[in-house]
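Note sheet for the following structure.
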There are 2 protein chains.
Amino acid sequence: MTKARRKSPVQTISTEPDFCSIELRLRILSRLPFFAGLSPKALEAVNALFVEAGYQPGEVIYTAGSPAERLFVVAEGKVKLLQHAATGNNILLDILAPGEFFGSLAPLKPATYLDSAQAVTPACILSIRSTAFQHVLDQHPELALKTLAILGERLQSANQRVLHLSSLPVERRIACTLLKLGAKLGRRQEEGLLIDVPLSREDLADMTASTPETVSRVMSQFQAGGLIASGRQWVAIVDQAKLQALVGEE
Amino acid sequence: MTKARRKSPVQTISTEPDFCSIELRLRILSRLPFFAGLSPKALEAVNALFVEAGYQPGEVIYTAGSPAERLFVVAEGKVKLLQHAATGNNILLDILAPGEFFGSLAPLKPATYLDSAQAVTPACILSIRSTAFQHVLDQHPELALKTLAILGERLQSANQRVLHLSSLPVERRIACTLLKLGAKLGRRQEEGLLIDVPLSREDLADMTASTPETVSRVMSQFQAGGLIASGRQWVAIVDQAKLQALVGEE
DNA sequence: CGAGACGTTGAACCTATTCAACACTGGTGG
DNA sequence: CCACCAGTGTTGAATAGGTTCAACGTCTCG
């Protein structure tokens, strides 16, 4: 019945090995939470410290365990942040959108990265040495406060995740994860709120501490109930209210 | 066999409704990670902003959901930080030792606390309005960097917890939790490394996303293997190496 | 001394995983 | 251009790890 969905609503405009124009760089930097409110001059100085690099989908930006000496910022595209368990299974910590930072904030703090970063779409990534960034923070104390606020939010988010892993059954965890992804990466579309990133069952399993099979089962059920629409590597939220009700109000 | 353990090695020197002397306050503040390296004069100014309060074991310092407007620091005693799930079960996020802070770093960020804090032992707690603390950070930028570093560590720790919840079986999670507690709150004793805080099976269940029954079973097994010694409300690590081996090297 | 909290142990049950087989899709190379 | 094939998704059945329910023992405190 509600089976025939279109091929893949997620647009993957694959350009050349991604890079961004100077204007884009400055625009991105100025829109970054912590760089907002910086004088144009200071911003240009900061900009000069950043290096840019392009990545193709699936390409690895850094690997857990390698020496952590850079701070990265997503200028264009989406980036997966993942941890690796000894058993071989992965944990997908987050999917970062343009404007978000990752990597090592401070030098020497963790000597090595404890997560890996991988481009999901063609991406342009800016990066700076952690030491250099530390100097920037020294010179612009207001930036440190902004960064503090962001870290605080991430800590909250991580704690909420612990709460969910501890107390919610898979079905709810998946519903919740879909809603979060929708809020962050959603794009209005005829099918509903399309999660605008290639997203496999396994990705969702890695976000919910589950397995691709279980995710598939739950998603089939959601689809039958008209809550979502989904196909190969994509998901759209059709009935957000019902999904929200399922996770239980908070 | 190895059943006869002593009553309760955990000392709970219950004084009057706890308070601390002026010298202790200054000493505590000066030893706080972020206040380290502050001029004595600045430290006294900061000290003046703090208010002190005493708590009895089990007494609640603040509750999740109430307006978040203060930052707290443990001066003396131990404090439980916990989240509450809709299902009624609790998550024990951490047990804080003297010198650690909790509560609200920044005003308005989360309008309300999203965790609760409760004294585990008789405790003396210093606190300051978040707004006031924000001013302190403004005036002493180096403190913001320190705080940033600490938040970073906590974020890492939370992420590691997500990893463990996602990939380790209960037995390992419990072993790991015991080791962490031992490292943080351990006191050398004849029985081994005593975790110097009243700690029930339920507490451990709340730290490992499990149940008191399961914790009891696993702990019995650990005790039979000579890994730990334990009784009512207390645990000591007897063979740290074996316990470490069990969790799997990292 | 009694009562309530804490801890232990057993057995039934249930959720989600695991293993396995099969179907669909899209991209690649012949 | 078509056929093939690897990656992805679906579905079923068996299994296991942990929870739940329940009963009982034990300690501590008032």
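Here is the naming used below: chain letters follow the sequence lines, and residue numbers restart at 1 for every chain.
- One can find a donor-acceptor pair under 3.5 Å joining the base of D:dG7 and the side-chain atoms of A:R232.
- Note on the helix from C:dC1-D:dG30 to C:dG30-D:dC1: angle between the axes of the first and last five pairs equals 40°, rounded to 10 degrees.
- Counting only heavy atoms from C-beta on, A:R201 has its side chain closest to D:dT10 among D:dT20, D:dT10, C:dC6.
- Atom pair B:E213:CD and C:dA11:P shows a separation of 16 Å (rounding to whole Å applied).
- Within 4.0 Å of A:P212, counting heavy atoms only, lies no atom of the nucleic acid at all.
- Rounded to a whole Å, the CZ atom of B:F222 is 16 Å from the P atom of C:dG7.
- For D:dG18, the OP1/OP2 oxygens have no side-chain nitrogen or oxygen of B:T214 closer than 4.0 Å.
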Discussion item. Assess the residue pair B:R201 and B:S230 against the criterion (side-chain hydrogen bond (donor to acceptor under 3.5 Å, both in side chains)); give the C-alpha distance rounded to whole Å, side-chain angles, the decisive distance to 0.1 Å, and a yes or no.
Written reply: CA-CA 10 Å; B:R201 302 293 181 256; B:S230 170; 2.7 Å; yes
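- Among the nucleotides C:dT8, D:dG9, D:dT19, the one closest to the side chain of B:S216 is C:dT8.
- The CE-P distance, from B:M219 to C:dT9, rounds to 12 Å in whole Å.
- Atoms CG (B:L168) and P (C:dT17) sit 15 Å apart, rounded to a whole Å.
- The side chain of A:S220 lies closest to D:dT10, out of D:dT10, D:dT19, D:dG18.
- Considering B:K80, B:Q83, B:H84 as possible partners of B:N90, the one that fulfils the side chain to side chain donor-acceptor pair (under 3.5 Å) test is B:H84.
- Residues B:L181 and B:T177 are in side-chain contact: their nearest non-hydrogen atoms beyond the backbone lie under 4.5 Å apart.
- A straight line from CD of A:Q221 to P of D:dG9 spans 18 Å, rounded to a whole angstrom.
- A:S200 comes within 4.0 angstrom of sugar-phosphate atoms only, judged by non-hydrogen atoms across all strands, and of no base.
- The listed nucleotides are D:dT8, D:dG18, C:dT18; the one nearest the side chain of A:Q233 is D:dT8.
- In this structure, the CZ atom of B:R172 is 13 Å from the P atom of D:dG17, given to the nearest Å.
- One interatomic measurement links the two molecules: CD of B:Q223 to C1' of C:dT9, which rounds to 15 Å at whole-angstrom precision.
- For the OP1/OP2 pair of C:dA16 and a distance below 4.0 Å, the side-chain nitrogens and oxygens of A:T211 include no atom meeting the criterion.
- Within the 4.0 angstrom heavy-atom criterion, no nucleotide atom of any strand lies near B:A205.
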Identify each donor-acceptor pair in which a side-chain atom of residues 64-75 of chain B lies under 3.5 Å from a protein atom, sequence neighbours left out, and give them as a table.
residue, atom, partner, partner atom, Å
B:S66, OG, B:T63, O, 2.6
B:R70, NE, B:S127, OG, 2.9
B:R70, NH2, B:S127, OG, 3.2

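- Within the cation-pi definition used here (under 6.0 Å to the ring centroid, within 45° of the axis), B:R154 does not qualify as a partner of B:F102.
- For the pair B:E202 CD and D:dT20 P, the interatomic distance rounds to 12 Å; values are reported in whole Å.
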Ignoring hydrogens and angles, write down the donor-acceptor pairs under 3.5 Å from the side chains of residues 213-220 of chain A, residues two or more places apart or on other chains.
residue, atom, partner, partner atom, Å
A:T214, OG1, A:T211, OG1, 3.1
A:S220, OG, A:S216, O, 2.9

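- Taking only distance into account, the side chain of A:R217 never meets the base of D:dG9 through a donor-acceptor pair shorter than 3.5 Å.
- B:K180 has its side chain out of reach of B:M207: every pair of non-hydrogen atoms, C-beta onward, lies at least 4.5 Å apart.
- Taking a cutoff of 4.0 Å between a charged side-chain nitrogen and a carboxylate oxygen, B:K184 and B:D94 qualify as a salt bridge.
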